[in-house]
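These notes concern the structure reproduced below.
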Amino acid sequence: MRTIRLQDTAGGELRELRPRVDGRIGIYVCGPTVYSRVHIGNGRPFVVFSLLKRFLVHEGYDVTLVSNLTDVNDKIYAAAVREGVPSGDLAVTMGDHYRADTDRLGLGRPDVEPLATTSMPAIIDLIADLVARDAAYAVDGDVYFRVRRDDRYGSLSHRDVDQMDQGEGDDAPGGASLKEDRLDFALWKATKPGEDTAWDSPWGRGRPGWHIECSAMAEEALGLGIEIHGGGNDLVFPHHENEAAQTRCARDAELAAIWMHTGMLELRGEKMSKSVGNVLPLHRAIDEIGRDALVLLYASAHYRKPLGFDDQAIAGAQGSVRRLRELGRRIATAGDPGAADAATDASGRPDPHRDAFFAALADDFNTAAALGHLWRWVREANGTLDAGSPVDPAPLREMLDVLALADVLEPVDGHDADDGPDDAALALLAARDEARAAKDWARADALRDELAAAGWTVRDGAGGAELVRGDR
RNA sequence: GGCACCGUGGCGGAGAGGCUACGCAGCGGCCUGCAAAGCCGUGUACACCGGUUCGAAUCCGGUCGGUGCCUCCA
């Protein structure tokens, strides 16, 4: 196993990944609040942590990826009222959409996907523990977390509690606050008129606050000191700060060893978010861009950096996928060079590009740098093929597999069953061969145009002409 | 205002004191009847101004511009 280092938001520096139990890694990622279809910005953590899991599995770890769905919350109530449906129904519908949309990414599912609504016992227990420890207090059916009780509050997001306190703004727009301190936040909220779901608790009927559910679900699924806790960097404060504080005060232990945060997607230099209105829904992105190009696009930037999404970037990713496909096709037609170990080339030498690829991933999961090495491999392979030698695709497949892109090497190219040229196309090709033999270039070119219209690209090679599926 | 961070060639995007990735697009060449594909080559790229250094895109200071969070947000 390689030494793997990841940037920890709390420490602000690279931290070595050290499993609590040898060979086992737990990852908890904050998933979406299911009140509408997810967009490609929401998709980034899903992709990043799914790919990270693939990499860790490749490295020999037994990985458990847990990602929750927040299915009770103000936004869901509001959206349900707008649409005139029960909030529980809306959450179920949108949860189903979320799973279906992310399924289409082809990255598999997280191992566990807990729901807030089915985690109530753990949530209530955790709140009760906080109350018992005096880190939380109940008022009129609400329960609040006593922020100043946690002397390390602010350590994750690098904020000073006293400075936070100086901010302005109204605390409770609708009325007087029940909080002892304006920094305190709700663990449990008494049910209000207009809210159509509520659960019994020692403090009365109500529902959990947003932050507490993650502390409870994460601990329930993975225990304390989770190797990696992740999410978008817009969750650092207050969500993750609060999660960390809750667990710390309830358990005298840290919830996570490494806090990993993904950067925002940007459209025209602005964060993509529903409130800005510049969103591209994930399912539409998959339709329009293509699953492979989309995954490649996510992988093309380091996960912590902002990633610009524009037409040229999308076209670039699509072009890259085409090149990969083309190489896969060339390798397949060139024949089997004899199986070699994935870590060595066909002649038994170590494969430096493959090694550099995985080393880059071990260094703060730098998929962008890793791709750079993959492309060098691609270029060399093409050169080998140009020279007439076969190429062993095993190292390439190994690299692409970690990025969930190995399917581009499949000769069948996608899901169409009707692979292979039909008789009509083959007849046109034969006619063109004749015309070429007769040096009737005009006729040969006309036949090539006909083939193109039928969706076939003619490729003249040393072994004669062949037909390749044209680009859309 | 506070905290975190960013400004790299047409676009995307690595890197982080000397070796100036990579992809897409462009241009030139090889190959080809012509193309396509591939290969080779190619671009005054590191916001600006100072400083440190033998040497800075990389370090320090400042300036300008931008982003995120500080309220729900991946």
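All values below were derived from every heavy atom in this structure, side-chain atoms included, with hydrogens, water molecules and symmetry-related copies excluded. Here the structure is a predicted model, which means the values were calculated and not measured. Order of the sequence lines sets the chain letters (A, B, ...), proteins ahead of strands, with each chain counted from 1.
In this structure, the CZ atom of Arg354(A) is 21 Å from the P atom of rC22(B), given to the nearest Å. The nearest whole Å value for the distance from the OH atom in Tyr303(A) to the P atom in rG13(B) is 17 Å. The NE2 atom of His239(A) sits 13 Å away from the P atom of rC70(B) (whole-angstrom rounding). Gln312(A) has its CD atom 11 Å from the C1' atom of rG26(B), to the nearest Å. Rounding to whole angstrom units, CZ of residue Arg376(A) and P of rG23(B) are separated by 9 Å. One atom, NE2 of His302(A), and another, P of rG15(B), lie 7 Å apart when rounded to the nearest Å. To the nearest angstrom, C1' of rG13(B) lies 17 Å from OH of Tyr298(A). One can place CZ of Arg459(A) at 9 Å from C1' of rG38(B), the figure rounded to the nearest angstrom.
Only the C1' atoms considered, rA57(B) is 32 Å distant from rC70(B), to the nearest whole Å. Nucleotides rG23(B) and rG18(B) place their P atoms 23 Å apart, quoted to the nearest Å. A gap of 15 Å separates the P atoms of rC24(B) and rA36(B), to the nearest Å. Distance noted for atom C1' between rG17(B) and rG51(B): 15 Å (whole Å). Annotation: rC40(B) and rC46(B) have their C1' atoms spaced 26 Å apart (nearest Å). Rounded to a whole angstrom, the distance from the P atom of rU8(B) to that of rU58(B) is 13 Å. Here, rC11(B) and rA25(B) have their C1' atoms 8 Å apart, quoted to the whole Å. Rounded to whole Å, the separation between the P atoms of rG28(B) and rA37(B) comes to 15 Å.
Proximity note for Phe237(A) (side chain, C-beta onward) versus rG38(B), rC69(B), rA74(B): the nearest is rC69(B). For Met264(A), whose side chain is taken as the heavy atoms from C-beta onward, the closest listed nucleotide among rA74(B), rA14(B), rG12(B) is rA74(B). Listed nucleotides rG7(B), rA37(B), rG33(B) differ in distance to Arg330(A); the shortest reach to its side chain belongs to rA37(B). Of the candidate nucleotides rG23(B), rG12(B), rA21(B), rG23(B) has the atom nearest to the side chain of Ser320(A). For Asn233(A), whose side chain is taken as the heavy atoms from C-beta onward, the closest listed nucleotide among rG33(B), rA14(B), rG68(B) is rG68(B). Nearest to the side chain of Pro45(A), among rG12(B), rA74(B), rC72(B), sits rA74(B).
Nearest-nucleotide assignment on RNA chain B puts the 5′-proximal partner with Ala301(A), out of Ala301(A) and Asp386(A). RNA chain B is contacted by both Ala317(A) and Leu235(A); Ala317(A) maps to the nucleotide lying nearer its 5′ end (nearest heavy atom per residue).
The pair Arg329(A)-Glu326(A) meets the salt-bridge criterion, with a side-chain N (NZ, NE, NH1 or NH2) lying under 4.0 Å from an Asp/Glu carboxylate O. Between Asp151(A) and Arg248(A) no salt bridge is recorded (no basic side-chain N to carboxylate O distance below 4.0 Å). A salt bridge does not link Asp184(A) with Arg149(A): none of the charged nitrogens is closer than 4.0 Å to a carboxylate oxygen. Under 4.0 Å is where a charged nitrogen must lie from a carboxylate oxygen, and between Asp181(A) and Arg146(A) no such pair does.
Between Phe46(A) and Pro110(A) the shortest side-chain heavy-atom distance falls below 4.5 Å. Within the 4.5 Å cutoff, no side-chain heavy atoms of Glu288(A) are placed close to those of Ile314(A).
Nucleic acid contact for Val458(A): base, since at least one base atom lies under 4.0 Å from a heavy atom of the residue. Heavy atoms of Asp445(A) sit under 4.0 angstrom from at least one base atom. Within 4.0 Å (heavy atoms only), Arg443(A) reaches no atom of the nucleic acid at all. Residue Leu307(A) is classed as a sugar-phosphate contact, given heavy-atom separations below 4.0 Å to backbone atoms only.
Nucleotide rA57(B) forms a pair with no other nucleotide shown, judged by Watson-Crick or G-U wobble geometry with both contacts under 3.5 Å. Figure legend. rC5(B) is base-paired to rG66(B); pairs are counted as Watson-Crick or G-U wobble with both atom distances under 3.5 Å. For rG28(B), the paired nucleotide is rC40(B), the pair qualifying as Watson-Crick or G-U wobble because both relevant distances are below 3.5 Å. Across all strands shown, rG23(B) forms a Watson-Crick or G-U wobble pair, both distances under 3.5 Å, with rC11(B).
Cation-pi contact between Arg54(A) and Phe365(A): absent, since separation from the ring centre below 6.0 Å together with deviation from the ring axis within 45° is not met.
In the interface, the side chain of Asp460(A) is paired with the base of rC34(B) through a donor and an acceptor atom under 3.5 Å apart. Counting distance only, with no hydrogens placed and no angle test, the side-chain atoms of Arg448(A) and the base atoms of rA35(B) include a donor-acceptor pair under 3.5 Å.
Neither OP1 nor OP2 of rC72(B) sits under 4.0 Å from any side-chain N or O of Asn73(A). Distances shorter than 4.0 Å separate some side-chain N or O of Arg379(A) from OP1 or OP2 on rC22(B). The side chain of Asn42(A) contributes an N or O atom lying less than 4.0 Å from OP1 or OP2 of rA74(B). Between Asn382(A) and the phosphate of rC39(B), there is a side-chain N or O to OP1/OP2 separation shorter than 4.0 Å. Between Arg323(A) and the phosphate of rC39(B), there is a side-chain N or O to OP1/OP2 separation shorter than 4.0 Å.
The two residues Leu447(A) and Ala431(A) make their nearest non-hydrogen contact at CD1-C, 3.6 Å. Between Ile76(A) and Ser87(A), the closest heavy-atom pair is CG2-O, 3.7 Å.
Between the side chains of His239(A) and His211(A), a donor-acceptor pair is found at a separation under 3.5 Å. Counted by atom type alone, Glu213(A) and Ser119(A) present zero donor-acceptor pairs between their side chains at under 3.5 Å.
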Interface polar pairs with nucleotides 1-3 of chain B, N/O, under 3.5 angstrom:
from, atom 1, to, atom 2, distance (Å)
rG2(B), O2', Gln163(A), OE1, 3.0
rG2(B), N2, Arg159(A), NH1, 3.4
rC3(B), O2', Ser157(A), O, 3.3
rC3(B), O2', His158(A), O, 2.7

